[in-house]
2 protein chains.
Amino acid sequence: MDDKLEGRRATVHDVARTAGVSLATVDRVLNARPGVRPETAEKVEAAIKALDFRRDLSASLLARARDLRVVFLIPGGSNAFMESLTAAIARRARATRNERLTLAAVQYHALDPSALVARLDGLGAREADCAVVVAPDDPAVARAIDAVTRRGVAVLTLVSDLPGSARRQFIGIDNQAAGRSAASLLGRFCASGKVGIIAGSLGLRDHRERFEGFSGVLGREFAQLKVVGPVEGFDDDAATEAAAMSMLEAHPDLSGIYSLGAGNAGLVAALGRTHRAGNIRVVAHELTDTTRDALRAGTLDVVLDQNPDGEIRAAIAAARQVALSPDAEIHSDPIEIGIFLRDNLR
Amino acid sequence: MDDKLEGRRATVHDVARTAGVSLATVDRVLNARPGVRPETAEKVEAAIKALDFRRDLSASLLARARDLRVVFLIPGGSNAFMESLTAAIARRARATRNERLTLAAVQYHALDPSALVARLDGLGAREADCAVVVAPDDPAVARAIDAVTRRGVAVLTLVSDLPGSARRQFIGIDNQAAGRSAASLLGRFCASGKVGIIAGSLGLRDHRERFEGFSGVLGREFAQLKVVGPVEGFDDDAATEAAAMSMLEAHPDLSGIYSLGAGNAGLVAALGRTHRAGNIRVVAHELTDTTRDALRAGTLDVVLDQNPDGEIRAAIAAARQVALSPDAEIHSDPIEIGIFLRDNLR
DNA sequence: GACAGCGTGAGGTACGTGCCTCATGACCTA
DNA sequence: TAGGTCATGAGGCACGTACCTCACGCTGTC
């Protein structure tokens, strides 16, 4: 019923004719090259709008005779989630080889913002069209993003946002909503008792947001549950195990735990050592080998997941848009929070 | 091997040179045109494999000078989920206009397989490159899919599969897993009592699969809960309300309900009329205006969703692959089941 | 030994955009 | 008035593939 026989799509030639200028001028405007008087540029813009012209992606990629280069900057170390992000990039890289898209993943030393700054400073328009960054909340990083943007590299933030910077868009989940969902589930799971919270670090923006969402819903809707913590495990297995152990020993009547950071192998170990695995309802974050196994074993009840593949896909789609029409607004689907039980593991 | 062209991707020219044939012959092989001896074709295939040649998607779309045409065949009527599928197609159609992709959505009379058969019979390679079908489990439909496939139109099934047919791929969620997840949640929500099941029709493959998954997990892991039903509401609001009313009146000790079909407005009404809204934990399917409002009001606790936008995106990606390389295997991300609470509504 | 038919080679044009060179006229300044 | 800069026009080649025409040589057949 929606079969509309629209005519041809507008091309640059149509734009030139409508605006009463030459093809070269249209090209200059489209690609932001110098040598066009503002009033002439306006005529071209008007024609573009009137014809609803959009540059043909296929032709554009073909004509520039080189791939779109997207660089991912991911913190290294032993964080299982970051590893799955990197794996998702590698998977995607194979699929995009015949779509004129080259992906590269570069790791920088986690916990060291200056390492990321150095990486960003080394980037220019000659090396990449777009940089996708998992960045800590640090002013020096924001400045480096602004600088590399000025050098002609579009920047997207991934997983954790940096609102003050020149980043073009944020790709990631709504962490407040994730925290609220965790509270909503634990609240229904636990009739009464105490609920413990284990974070990575409340200095991280995403962890802070999860905690806020969680406390809000629990206080509002499940006032019968008492909150214990948060304690911090610094996304490290050993530190998380230590934190969980002291929490478990101090509170024999704990009926639920929300682990909103990484380091879940430590939490699982602590639950095992105290023989509480299966007796406490646990909600954690990010599907990894550890959390998958723990779900299957019944040690974890629910895992909230960022869907690394989806995030990478969205980042690439946004990168294409940004690189090909530097000014246009980006439209992208929001990343959904995956909620996984033992029963819908993929 | 004199591959000094390390960085460059192989082109048709490289294939022709390596195979020792002309460009025209490579073209004939690539596009399955007649006029090539089998042994020559083999030489070309070998060269393609040796060079790992993949046709350039951008150039290919550009050269054929016409869009890829994808037709969606969706059951009409007042099914809110199908409407959201159609809406997702419309959203997507705007975004793909500059990607040489034309989408059309055609509705056929639900409940009437012959209407779908007629639509399929009217399709040929002149009208579309790929048809994406939400099809009932019917032998006549399977035959029509086989026929249109022979006429050169690739077919994908959406939402509900038709394994016996020539459909190239199924795009949809794992309905067994959806049922299992519902059971896993309701089992944790309800300490004891009875759990009611309301289906649309157990004659539908997807509904049947959800029911099987649900009963399996409930029986295995939550034996303290007694199952009531399933009753059928035929995806209709009024019929579902009637079915729910009699279930609610017959079982005052009902502590949970799994509604695995459509018609949820009727269920919500029944819960309201019996003043049980909020006192019974309810898991339903598909995010719609009705289920969203009910989540917010607390009448529903969890909604499992198929993610129409994701399904449409996956279908389009698969359609591109199928249309451009008819024999290749399709690689596509699985569609994930969305699990929605009041707290992570989008 | 002429002829049809088939497999193949050779070469061209087209798709829409990016990017380059060169020419031209307008305007400014010394 | 000469020289310079700037905005613009005109035109062309390139990207990799699709698809077309034409010609050639090799079969087998009557």
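In the text below, chain A, chain B and the rest are named by the order of the sequence lines, each starting its count at 1. Keep in mind that what you see is a predicted model, and the values were worked out from it rather than measured.
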Taking side chain to side chain donor-acceptor pair (under 3.5 Å) as the cut-off, I'd like each qualifying pair that reaches into residues 26-37 of chain A, sequence neighbours left out, listed once.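 Pairs touching residues 26-37 of chain A that pass the test: A:Asp27-A:Asn31, A:Asp27-A:Arg33, A:Asn31-A:Arg55, A:Arg37-A:Glu39.
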Please, which pairs that meet side chain to side chain donor-acceptor pair (under 3.5 Å) have at least one residue in residues 155-165 of chain B, sequence neighbours excluded? B:Thr157-B:Asp161, B:Asp161-B:Arg167
Can you tell me the distance, in whole Å, between the [atom1] atom of [X] and the [atom2] atom of [N]?
| X | N | atom1 | atom2 | value |
| --- | --- | --- | --- | --- |
| B:Leu57 | D:dA18 | CG | P | 10 Å |
| B:Leu62 | D:dC15 | CG | P | 14 Å |
| A:Arg54 | C:dT17 | CZ | P | 13 Å |
| A:His13 | D:dA10 | NE2 | C1' | 12 Å |
| A:Arg100 | C:dG16 | CZ | C1' | 13 Å |
| A:Leu30 | C:dT17 | CG | P | 8 Å |
| A:Asp56 | D:dT17 | CG | C1' | 14 Å |
| A:Asn31 | C:dG16 | CG | P | 17 Å |

Taking only the side-chain heavy atoms of [X] (C-beta and beyond), determine which of [options] contains the nearest atom.
| X | options | value |
| --- | --- | --- |
| B:Arg33 | D:dG16, D:dA18, D:dA14 | D:dA18 |
| B:Phe53 | D:dT17, C:dT17, D:dA18 | D:dT17 |
| A:Ala63 | D:dG16, D:dC19, C:dG18 | C:dG18 |

Reported CD-to-CG distance for the pair A:Glu336 and A:Asp174, which is rounded to 0.5 angstrom: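 The CD atom of A:Glu336 sits 11.5 Å away from the CG atom of A:Asp174.
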Between atom CD of A:Gln107 and atom CD1 of A:Ile74, what is the distance when rounded to the nearest 0.5 Å?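 Separation between the atoms: 7.5 Å.
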Please name all residues satisfying side chain to side chain contact (heavy atoms under 4.5 Å, CB included) with [X], sequence neighbours left out, ordered by chain then number.
| X | answer |
| --- | --- |
| A:Gln306 | A:Phe81, A:Val159, A:Ile173, A:Arg210, A:Glu286, A:Glu311 |
| A:Arg150 | A:Asp146, A:Ala147 |
| A:Ala88 | A:Arg91, A:Pro308, A:Asp309, A:Ile312 |
| B:Leu23 | B:Val12, B:His13 |

Indicate, with a heavy-atom threshold strictly under 4.0 Å, whether B:Asp27 touches base, sugar-phosphate, or nothing.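 It contacts base atoms.
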Run the salt bridge (charged side-chain N to carboxylate O under 4.0 Å, His left out) test against B:Arg54 and tell me which residues pass, sequence neighbours left out.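 Partners of B:Arg54 by the salt bridge (charged side-chain N to carboxylate O under 4.0 Å, His left out) criterion, ordered by chain and then number, come out as B:Asp52.
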A:Arg119: what forms a side-chain hydrogen bond (donor to acceptor under 3.5 Å, both in side chains) with it, not counting sequence neighbours?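 Once residues adjacent in sequence are excluded, A:Arg119 has no partner under the side-chain hydrogen bond (donor to acceptor under 3.5 Å, both in side chains) criterion.
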List the atom pairs, with distances to 0.1 Å, where a side-chain N or O of residues 129-142 of chain A and a protein N or O form a donor-acceptor pair under 3.5 Å, not counting sequence neighbours.
| unit_1 | atom_1 | unit_2 | atom_2 | d |
| --- | --- | --- | --- | --- |
| A:Asp129 | OD2 | A:Arg66 | NH1 | 3.4 |
| A:Asp129 | OD2 | A:Arg69 | N | 2.8 |
| A:Asp129 | OD2 | A:Arg69 | NE | 3.3 |
| A:Asp137 | OD2 | A:Arg205 | NE | 3.3 |
| A:Asp137 | OD2 | A:Arg205 | NH2 | 3.3 |
| A:Asp138 | OD1 | A:Ala140 | N | 2.8 |

Find every protein N or O atom lying less than 3.5 Å from an N or O atom of nucleotides 26-29 of chain D, and list the pairs.
none

Look at the side-chain N and O atoms of A:Ser60 and state whether any lies under 4.0 Å from the OP1 or OP2 oxygen of C:dG18. yes
Terminal axis angle for the helix from C:dG1-D:dC30 to C:dC27-D:dG4, five pairs an end, nearest 10 degrees: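 End-to-end axis angle for the helix from C:dG1-D:dC30 to C:dC27-D:dG4: 40°, rounded to 10°.
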Identify all pairs in which a protein N or O lies below 3.5 Å from an N or O of nucleotides 5-10 of chain C, and state each distance.
| unit_1 | atom_1 | unit_2 | atom_2 | d |
| --- | --- | --- | --- | --- |
| C:dG7 | O3' | B:Arg37 | NE | 3.2 |
| C:dG7 | O3' | B:Arg37 | NH2 | 3.4 |
| C:dT8 | OP1 | B:Arg37 | NE | 3.4 |
| C:dT8 | OP1 | B:Arg37 | NH2 | 3.1 |
| C:dT8 | OP1 | B:Thr40 | OG1 | 2.0 |
| C:dT8 | OP2 | B:Arg37 | N | 2.5 |
| C:dG9 | OP2 | B:Ser22 | N | 2.9 |
| C:dG9 | OP2 | B:Ser22 | OG | 3.1 |
| C:dG9 | OP2 | B:Thr25 | OG1 | 2.6 |
| C:dG9 | O6 | B:Arg28 | NH2 | 3.2 |

Examine distances only and state if a side-chain atom of A:Ser60 and a backbone atom of A:Asp56 form a donor-acceptor pair shorter than 3.5 Å. no
